[in-house]
A.B. asks: 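What follows is a single structure, and I will ask about it in a moment.
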Amino acid sequence: MIELQAIDKQFGKLKALNSVSATFRLGECIALIGPNGCGKTTLIKSILGMVVPDKGTILFNGKDIRKDWQYRAQIGYMPQIGRYPENMNIGQVLDMMRNIRKENHSQMDEELLHAFQLPSMLDKRMGTLSGGTRQKVSASLAFMFHPDVLILDEPTAGLDPLAAELLKEKIIREKEKGKLILITSHILSELDDLITHIVYMQEGQLKFNKTTDVLREETGEARLSKAIAHIMQKQ
């Protein structure tokens with residue numbers, strides 16, 4: 001589905017990505033983890049076409065993304081901090097995205113929209129919303145157009161416990177449909193029920209890419225969060 005071939009990216013003297021290679025497939029739910037500044041965000045933005053690598057190739061369904069920008073319609077992206085026009089209300093933002101995508105409204109996935117009770121807040125301006133409500137808007141948009149790939153950057157950051165649980169349950173259901181899901185999170189305990197693979201990055205390099213079963217076997221830890229911590233302490 002997504003293949004990274006020796007991706008390099010440098011910003012000034014900072015080597016953000018250093019020969020990163022990996023393959024992500026449908027049906028996988030991957031945790032992209034590592035310390036701050038390890039290259040996670042740059043990697044995500046490279047996959048999304050928001051950052052252009054200095055070297056290497058990114059393939060989406062076997063096609064070079066530099067030659068086929070339409071692949072992005074198959075990706076649902078939830079940024080860590082959603083940025084929207086401050087003077088627009090929630091309803092206008094949703095309508096804007098629906099119009100841009102030109103999708104049949106009756107076929108959209110509005111499950112999270114209703115679970116988060118956003119229809120009752122459609123007239124509220126984005127500039128007045130709390131960080132958690134902005135996250136709910138971002139999450140709803142990420143899933144709305146039935147993407148084959150979901151990229152979720154710190155998806156539960158700022159969400160209240162109930163909203164976080166609703167989002168996790170939605171992620172699990174989408175994983176069971178065979179979608180490719182890529183998640184970044186600093187809260188390791190949130191990942192236990194979600195992921196099938198761990199990708200660990202450090203200083204722009206991909207240190208390991210393992211299935212959760214292999215990780216548990218190697219560390220002897222039943223809980224995934226403890227297994228990840230065990231590996232990270234050795235890096």
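Owing to the predicted nature of the structure, the values given are computational and were not obtained by experimental measurement.
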A.B. asks: Looking at residues at least two apart in the chain, or sitting in another chain, which of them share a salt bridge (Lys or Arg N to Asp or Glu O under 4.0 Å) with Arg25?
C.D. replies: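 Residues passing salt bridge (Lys or Arg N to Asp or Glu O under 4.0 Å) with Arg25: Glu28.
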A.B. asks: Given 3.5 Å as the limit, does a donor-acceptor pair link the side chain of Arg134 with the main chain of Met126, or not?
C.D. replies: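 Indeed, once roles are kept as given, a pair shorter than 3.5 Å links the two residues.
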A.B. asks: Consider only side-chain heavy atoms of I, L, V, M, F, W and Y, link residues closer than 4.5 Å, and tell whether Leu59 and Ile47 are in one cluster.
C.D. replies: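 No; tracing contacts between hydrophobic side chains, which count when under 4.5 Å, never links both residues.
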A.B. asks: Just distance, no hydrogens or angles: give the donor-acceptor pairs under 3.5 Å from side chains in residues 10-22, sequence neighbours left out.
C.D. replies:
{"residue": "Gln10", "atom": "NE2", "partner": "Gly12", "partner atom": "O", "Å": "3.0"}
{"residue": "Lys15", "atom": "NZ", "partner": "Asp8", "partner atom": "OD2", "Å": "3.4"}
{"residue": "Ser21", "atom": "OG", "partner": "Ala6", "partner atom": "N", "Å": "2.8"}

A.B. asks: State whether the side chain of Arg216 and the backbone N or O of Ala222 hold a donor-acceptor pair below 3.5 Å, judged by distance alone.
C.D. replies: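 Confirmed, Arg216 side chain pairs with Ala222 backbone.
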A.B. asks: With sequence neighbours left out, write down each residue that passes salt bridge (Lys or Arg N to Asp or Glu O under 4.0 Å) with Lys45, or none if nothing qualifies.
C.D. replies: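 Counting only residues at least two positions away or on another chain, Lys45 forms no salt bridge (Lys or Arg N to Asp or Glu O under 4.0 Å).
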A.B. asks: Pairs in or reaching into residues 14-55: which pass ring-ring contact (aromatic ring centres under 6.0 Å, His included), with residues at least two apart or in two chains?
C.D. replies: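 Checked against ring-ring contact (aromatic ring centres under 6.0 Å, His included) - neighbours excluded - no pair reaches residues 14-55.
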A.B. asks: Do Gln92 side-chain atoms and Asn89 backbone N/O form a donor-acceptor pair below 3.5 Å?
C.D. replies: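 Checked: pair present.
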A.B. asks: Check for a donor-acceptor pair, side chain of Thr219 on one end and backbone N or O of Leu215 on the other, with a separation under 3.5 Å.
C.D. replies: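 A pair under 3.5 Å: yes.
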A.B. asks: So do the side chains of Val149 and Ile181 get within less than 4.5 Å of each other, counting heavy atoms only?
C.D. replies: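 No, every pair of side-chain atoms sits at 4.5 Å or beyond.
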A.B. asks: Could you name each residue pair satisfying ring-ring contact (aromatic ring centres under 6.0 Å, His included) that touches residues 61-100, not counting sequence neighbours?
C.D. replies: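 Matches after skipping sequence neighbours: Phe60-Tyr71.
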A.B. asks: Would you find a donor on one side and an acceptor on the other, under 3.5 Å apart, between the side chain of Thr156 and the backbone of Leu159?
C.D. replies: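 A pair under 3.5 Å: no.
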A.B. asks: State, yes or no, whether a side-chain contact exists between Leu141 and Val93 at a heavy-atom distance under 4.5 Å.
C.D. replies: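 Contact flag for Leu141/Val93 side chains = yes.
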A.B. asks: Using atom types as modelled, flag every donor-acceptor pair under 3.5 Å from a side chain in residues 163-173 to any protein atom, sequence neighbours excluded.
C.D. replies:
{"residue": "Lys170", "atom": "NZ", "partner": "Asp109", "partner atom": "OD1", "Å": "3.4"}
{"residue": "Lys170", "atom": "NZ", "partner": "Asp109", "partner atom": "OD2", "Å": "2.6"}
{"residue": "Lys170", "atom": "NZ", "partner": "Glu111", "partner atom": "OE1", "Å": "2.7"}
{"residue": "Lys170", "atom": "NZ", "partner": "Glu174", "partner atom": "OE2", "Å": "3.3"}
{"residue": "Arg173", "atom": "NE", "partner": "Glu111", "partner atom": "OE2", "Å": "3.3"}
{"residue": "Arg173", "atom": "NH2", "partner": "Glu111", "partner atom": "OE2", "Å": "2.5"}

A.B. asks: Can you find a pair of side-chain heavy atoms, one from Ile198 and one from Ile30, that are under 4.5 Å apart?
C.D. replies: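 The answer is no; the side chains never approach within 4.5 Å.
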A.B. asks: Below 4.5 Å, heavy atoms only, C-beta onward: do Asp160 and Lys136 meet side chain to side chain?
C.D. replies: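 Yes, close enough: below the 4.5 Å cut-off.
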A.B. asks: Is there a donor-acceptor pair under 3.5 Å between the side chain of Lys40 and the backbone N or O of Met201?
C.D. replies: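 No; judged by distance alone, with no hydrogens or angles, the pair does not exist.
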A.B. asks: Do Ile151 and Thr184 have side chains that get closer than 4.5 Å, going by heavy atoms?
C.D. replies: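 No, their side chains stay 4.5 Å or more apart.
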A.B. asks: Apply salt bridge (Lys or Arg N to Asp or Glu O under 4.0 Å) to residues Arg98 and Glu110 and explain how you reach the verdict.
C.D. replies: CA-CA 12 Å; Arg98 291 177 180 126; Glu110 297 187 346; 2.9 Å; yes
A.B. asks: Is any NZ, NE, NH1 or NH2 atom of the basic residue among Asp148 and Lys179 found under 4.0 Å from an Asp or Glu carboxylate oxygen of the other?
C.D. replies: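 So Asp148 does not pair with Lys179 through a salt bridge.
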A.B. asks: Test side chain to side chain contact (heavy atoms under 4.5 Å, CB included) on Val51 and Lys9; report intermediate values, then the result.
C.D. replies: CA-CA 9 Å; Val51 167; Lys9 183 62 183 180; 3.8 Å; yes
A.B. asks: Would you confirm whether Arg101, through its side chain, and Ala73, through its main-chain N or O, come within 3.5 Å as a donor-acceptor pair?
C.D. replies: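 Yes, Arg101 side chain to Ala73 backbone: donor-acceptor pair under 3.5 Å.
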